[in-house]
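The structure appears right after this line, and notes come after that.
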Amino acid sequence: MTPEPAAGPSNFIRDTIIEDLNTGKYQGRVHTRFPPEPNGYLHIGHAKSICLNFGLAQEFGGKTNLRFDDTNPSKEEVEYVDSIINDVRWMGFDWDRLCYASDYFQQLYDWAIELIQSGKAFVCDLTAEQIREYRGTPSEPGTESPYRNRSVEENLGLFARMKNGEFADGARTLRAKIDMASPNFNLRDPILYRILHASHHRTRDAWCIYPMYDFAHGQSDSIEHITHSLCTLEFEDHRPLYDWYIEAIGIYHPQQIEFDRLNLTYTLLSKRKLLKLVQDGLVRGWDDPRMPTLSGIRRRGYPPEAIRSFAGSLGISKTNGMIELGRLEQCVRENLNKSAPRVMGVLRPLKVVIDNYPEDHVDELEATNNPEDAAAGTRIVPFSKVIYIEQEDFRENPPKDYFRLSPGREVRLRYAFFLKCIHAVKDEAGQVVEVHCTYDPLTRGGNAPDGRKVKSTLHWVSASHAVDGEVRIYETLFTKEDPNQVEEGEDFTVNLNPKSLEVITAAKLEPGLANPPEGARYQFERLGYFAVDPDSTPGKPVFNRTVALKDAWAKIEKRGSQKK
RNA sequence: UGGGAGGUCGUCUAACGGUAAGACUGCAGCCUCUGGAGCUGCGUAUCGGGGUUCGAAUCCCUGCCUCCCAGCCA
């Protein structure tokens, strides 16, 4: 029912599951979960985790829960919950159960009381600052809280009063009694509960104390009988704490396995920083097509299949690597090459007058919709005396290896005729504003009966039939491979790419593109893949360039200019 | 300076004591009604130093480097 993620190479997590299946460690069960905090939108890094968790369960006939780790009401909102649900579905996955850590608040509270009763937790009156001081440093052990040895009764009473709202935010905490001298900070009497008089998006005002993530996460996995709790590397240090809680409470023990988080060049994958971009208006919103969010790349036109294939091609390891953005883009091209219908659109129009073409005549030419997919069929595109071609497809003085149109040279117009340039018309500033050509009627359809060849084929649009459209061209949001690389005192916003968005308001598109369905993806021949933006209005489509086609000429030209 | 986790082509991943392999990128070429797609070929790597072994990316010792941890965030 849910699609198969692209099969990638095996990895140590998959190997572990196979091993556990062979030894019967979980009676043949595989149950994973994807546990986001609803404090922001999902991004491409989450897609890796989604594909891993859902993909592994699918492969071994297991289940996956979608669970919201919503233990901090001050940062979480239903808007985020809704977007995450939508994004996971869009990725093509369905969950066994939709869960919330907040569903377990009562259970967690009861367990906290058990820990107090067994002398393993205490109410601490230290302020946040004092707790930090008492915690010690990497080289020095911490100091035990003076409140550490309160009686069980006193702790029980105080904790009940915390729950009843008798104290202000931050006045007291419930802490585990572990080891202030542990080299692992997570075990230096960590906080279980803090007082937060905040309304929760699901439990409303039922609680004014909330469990810390660390006190909720492992037990949530336990409650859901998760077998393999996959998480990223930074939680490796927390595993001993989760184990301590689960052992102290005496409940089912899932196995946590940590893997490397996705890092992409020219991309920021930090919810905090993405939130800043949105809040400071540096992008249009969470779904700005330059954002690495799933909603952003969806709007940009990335198909979920391409993201799945990208995720599947990624290795799962424990090394902190940096994946080249080009790999993601290549997955998008591969997918769209097979699926996207071809159309013609001219981004920067140059008027071409065909001197020997009859004044009011129109040729209806047949064009292939997708050379990679015969079933996509053909369509008719109109041709007339005045057409537009791309400005960059004409050079009055062509450089070496430039095959396109120039005075005296003949090229082919895609699916139409051979076209020969006679002369260019310039304005006062010396800019070419119009090109006069002749065409060869015998080459209708694109081939010459006499067998002569041309070195180049150009896309074009008939001027009188053209639809005006807006096209948004995107470059990377940041100029540096690592956007976090900044000088002292600067932040990542200095690396924002001023050219990340270029809006072309008067592109000329073939007539079939007047009212395309929102989200539809096309290949504009020779240019790239483009997706219909929701900003489109009837008769005035707006396209986002999803990704450009590989451009061999751009590469040659760039190399040439570098030599100089 | 404490703890945890890592270090294999430019990038990512494999090789689990027995010929260092694949993908992406790059380069060269073929093909082409998209300078797209496709096809062919080429190139570059085991962090350093010691050991064990017939044989080490793999095991041992040692040094170096990178990432994470001192939120009442997750």
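Proteins come first, then strands; the chains are lettered A, B, ... in the order of their sequence lines, and each starts at number 1. Nothing here was measured: the structure is a model prediction, and the numbers come from that model.
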Do the ring centers of W460(A) and F383(A) come within less than 6.0 Å of each other?
yes

Which of residues 186-197 of chain A have a heavy atom under 4.0 Å from RNA chain B?
I191(A), R194(A)

Using ring-ring contact (aromatic ring centres under 6.0 Å, His included), reason through F159(A) and Y109(A) one step at a time and then give a plain yes or no.
CA-CA 10 Å; F159(A) 188 46; Y109(A) 178 78; 5.0 Å; yes

Using a 4.0 Å heavy-atom cut-off, does F68(A) contact any base of the nucleic acid, only the sugar-phosphate backbone, or nothing at all?
nothing

Say we look at U25(B) and U40(B): how far apart would their P atoms be, to the nearest angstrom?
15 Å

What nucleic acid atoms does E236(A) come within less than 4.0 Å of, heavy atoms only: base, sugar-phosphate, or nothing?
sugar-phosphate

Name the closest nucleotide to the P371(A) side chain, picking from U13(B), U34(B), G2(B).
U34(B)

Identify whether any heavy atom of L241(A) sits under 4.0 Å from a base atom; if not, whether one sits that close to sugar-phosphate; answer base, sugar-phosphate or nothing.
nothing

For S74(A), report the nucleic acid contact type (base, sugar-phosphate, nothing); a contact means any heavy atom under 4.0 Å.
nothing

If you check the P138(A) side chain, which of A70(B), U34(B), U13(B) turns out closest?
A70(B)

The glycosidic conformation of G71(B), counting syn as within 90° of 0 and anti otherwise, is syn

Say you pick atom C1' in G48(B) and the same atom in U8(B); how far apart are they, in whole Å?
15 Å

On the 0 to 90° scale, with breaks at 30° and 60°, tag the H46(A)-H43(A) ring pair as parallel, tilted or perpendicular.
tilted

U34(B) phosphate, OP1 or OP2: any side-chain N/O from R404(A) under 4.0 angstrom?
no

Does atom CZ of R379(A) have more than 12 heavy-atom neighbours, drawn from other residues, nucleotides or ligands, at distances under 6.0 Å?
yes

I want to confirm an ordering. Mapping R414(A) and P183(A) to their closest nucleotides on RNA chain B, which one lands closer to the 5' end?
P183(A)

Would you say the base of G36(B) and the side-chain of Q523(A) have a donor-acceptor pair closer than 3.5 Å?
no

A56(B) versus A70(B) - spacing of their P atoms, nearest Å:
43 Å

State plainly whether the residues E557(A) and R404(A) are in salt-bridge range, i.e. N to O under 4.0 Å.
no

Both K271(A) and I323(A) contact RNA chain B. Which one's nearest nucleotide lies toward the 5' end?
I323(A)

Kindly point out which of U34(B), A74(B), C72(B) is positioned nearest to the side chain of T173(A)?
C72(B)

Check every strand shown and say whether Y415(A) touches a base, only sugar-phosphate, or nothing at a heavy-atom separation below 4.0 Å.
base

Is the H201(A)-Y80(A) ring centre distance short of 6.0 angstrom?
no

Determine: side-chain N/O of K550(A) to OP1/OP2 of U25(B), distance under 4.0 Å, yes or no.
yes

Ring of F403(A) versus six-membered ring of G35(B): centres under 5.5 Å and planes under 30°?
yes

Take atom C1' in U1(B) and the same atom in C61(B), then report the distance between them in whole Å.
22 Å

Could you work out the separation of U44(B) and A23(B) based on their C1' atoms and round it to a whole Å?
15 Å

Using the P atom on both, measure A5(B) against G41(B) and round to a whole Å.
43 Å

I'd like the P distance from C54(B) over to A45(B), given in whole Å.
29 Å

Criterion side-chain hydrogen bond (donor to acceptor under 3.5 Å, both in side chains) on T127(A) and E129(A), from CA distance to verdict:
CA-CA 5 Å; T127(A) 65; E129(A) 194 184 342; 5.4 Å; no

Distance-only donor-acceptor hits, side chain of residues 449-458 of chain A, under 3.5 Å, sequence neighbours excluded:
| residue | atom | partner | partner atom | Å |
| --- | --- | --- | --- | --- |
| D450(A) | OD1 | R452(A) | N | 3.0 |
| D450(A) | OD1 | R452(A) | NH1 | 3.4 |
| D450(A) | OD2 | R452(A) | NH1 | 3.1 |
| R452(A) | NE | E410(A) | OE1 | 2.9 |
| R452(A) | NH1 | D440(A) | OD2 | 3.3 |
| R452(A) | NH2 | E410(A) | OE2 | 2.9 |
| R452(A) | NH2 | D440(A) | OD2 | 2.8 |
| T457(A) | OG1 | R412(A) | NE | 3.1 |
| T457(A) | OG1 | R412(A) | NH2 | 3.3 |

Counting the atoms with a prime plus P, OP1 and OP2 as sugar-phosphate, which does G321(A) contact under 4.0 Å by heavy atoms, base, sugar-phosphate, or nothing?
sugar-phosphate

Would you call the rings of Y242(A) and H217(A) parallel, tilted or perpendicular, where under 30° means parallel and over 60° means perpendicular?
tilted

Under 3.5 Å for both pairing distances: what stems, at least three Watson-Crick or G-U pairs long, include RNA chain B?
B:2-7 with B:64-69, B:10-13 with B:21-24, B:26-30 with B:38-42, B:47-51 with B:59-63

Base, sugar-phosphate, or nothing for E37(A), non-hydrogen atoms under 4.0 angstrom?
sugar-phosphate

Remember a base hit wins even if backbone is also touched, and classify N337(A) as base, sugar-phosphate or nothing at under 4.0 Å, heavy atoms.
base

Using a cut-off of less than 4.0 Å, is there contact between a side-chain N or O of K555(A) and OP1 or OP2 of G26(B)?
yes

Closest to the H238(A) side chain: A70(B), U11(B), A74(B)?
A74(B)

Consider the side chain of M322(A), meaning its heavy atoms from C-beta on, and name the nucleotide among C12(B), C24(B), G26(B) that approaches it most closely.
C12(B)

Respond yes when some side-chain nitrogen or oxygen of R327(A) is under 4.0 Å from OP1 or OP2 of U11(B), and no when none is.
no

Centres of the Y210(A) and F105(A) rings: under 6.0 Å?
yes

C1' atom, G51(B) versus C68(B): distance in rounded Å?
32 Å

